[in-house]
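Data block below; observations after.
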Amino acid sequence: MFTTGQAPLRHCVALLFGAVGVASLFAVALPRLTAAGNVAPTAAASAATVKIDNFTFLPASLTVTPGTTVTWKNEDDSPHRIGDKNGTFTSAALDTDDTFSHTFAAPGEYPYICTIHPRMAGKIVVKPAGKSS
């Protein structure tokens, strides 16, 4: 049971946490506004996966939007190392079931190879949302 003074204190703490929770929900649910009062678009983080199997990248070419994190997963029995031809990203050697991830911020084309097996090639194409060509 409560001793004198504990019940009001617990009630205040519960109200405080309840108010913080409600404020957090509003902060998440309400759109962000620009300085001009327009609603600012919020980019949802997205993800994509490239599977490495039988000395092949699947898919060989992947189109994503800026902010997408691409994860390569080695499902092959041999180690592989991802390196893009522009020098933007490089992985360590990936053993079976190892992964490597990179987030693509800028639009462009990012051709890459397995630096251990250079005949293995793939490409990430980053296009702004809404661009179809």
Side-chain angles (χ1 to χ4, degrees):
M1 291 296 145
F2 297 125
T3 60
T4 306
Q6 284 182 331
L9 177 60
R10 287 186 183 184
H11 182 72
C12 289
V13 170
L15 286 175
L16 175 64
F17 283 124
V20 169
V22 169
S24 297
L25 287 174
F26 279 124
V28 170
L30 292 176
R32 291 189 336 220
L33 298 179
T34 65
N38 298 324
V39 174
T42 55
S46 58
T49 301
V50 175
K51 183 171 102 171
I52 306 167
D53 192 21
N54 197 26
F55 291 86
T56 306
F57 295 112
L58 300 170
S61 181
L62 179 65
T63 301
V64 299
T65 56
T68 300
T69 298
V70 175
T71 299
W72 287 262
K73 182 175 183 188
N74 185 6
E75 295 183 5
D76 217 338
D77 292 333
S78 297
H80 297 286
R81 185 176 331 165
I82 312 305
D84 84 309
K85 296 180 178 182
N86 300 325
T88 307
F89 57 90
T90 303
S91 75
L94 304 176
D95 286 325
T96 303
D97 293 328
D98 284 350
T99 61
F100 167 71
S101 297
H102 179 77
T103 301
F104 291 87
E109 291 191 8
Y110 299 87
Y112 64 89
I113 61 170
C114 170
T115 60
I116 299 171
H117 311 100
R119 71 181 182 282
M120 294 175 58
K123 179 170 55 172
I124 305 297
V125 178
V126 182
K127 292 186 178 182
K131 299 284 183 181
S132 60
S133 58

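Please read these numbers as outputs of a predicted model, since none were measured by experiment.
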Are M120 and Y110 joined in one hydrophobic group, where the rule is that I, L, V, M, F, W and Y side chains link up if heavy atoms are under 4.5 Å apart?
yes

CD on E75 to OG1 on T56, rounded to 0.5 Å:
12.0 Å

Tell me, which pairs form a side chain to side chain donor-acceptor pair (under 3.5 Å) where one or both residues lie in residues 86-100, sequence neighbours left out?
D84-T88

Kindly give the heavy-atom pair with the smallest separation between P66 and A105, and that separation in Å.
CB-O, 3.2 Å

Do I113 and L94 share a hydrophobic cluster, counting only Ile, Leu, Val, Met, Phe, Trp and Tyr and linking them when any side-chain heavy atoms are less than 4.5 Å apart?
no

Looking only at heavy atoms, what is the nearest atom pair of T71 and S101, with distance?
OG1-OG, 2.6 Å

Beyond-backbone contact of V64 with S46, side-chain heavy atoms, under 4.5 angstrom
no

Ignoring hydrogens and geometry beyond distance, is a side-chain donor-acceptor pair present between T69 and T103 at under 3.5 Å?
yes

So do V50 and Y112 actually touch side chain to side chain, heavy atoms under 4.5 Å?
yes

Report yes if the side chains of V126 and T68 come closer than 4.5 Å at any heavy-atom pair, otherwise no.
no

Any side-chain heavy-atom pair of H80 and F55 under 4.5 Å:
yes

Side-chain contact, heavy-atom cut-off 4.5 Å: F57 with K123?
no

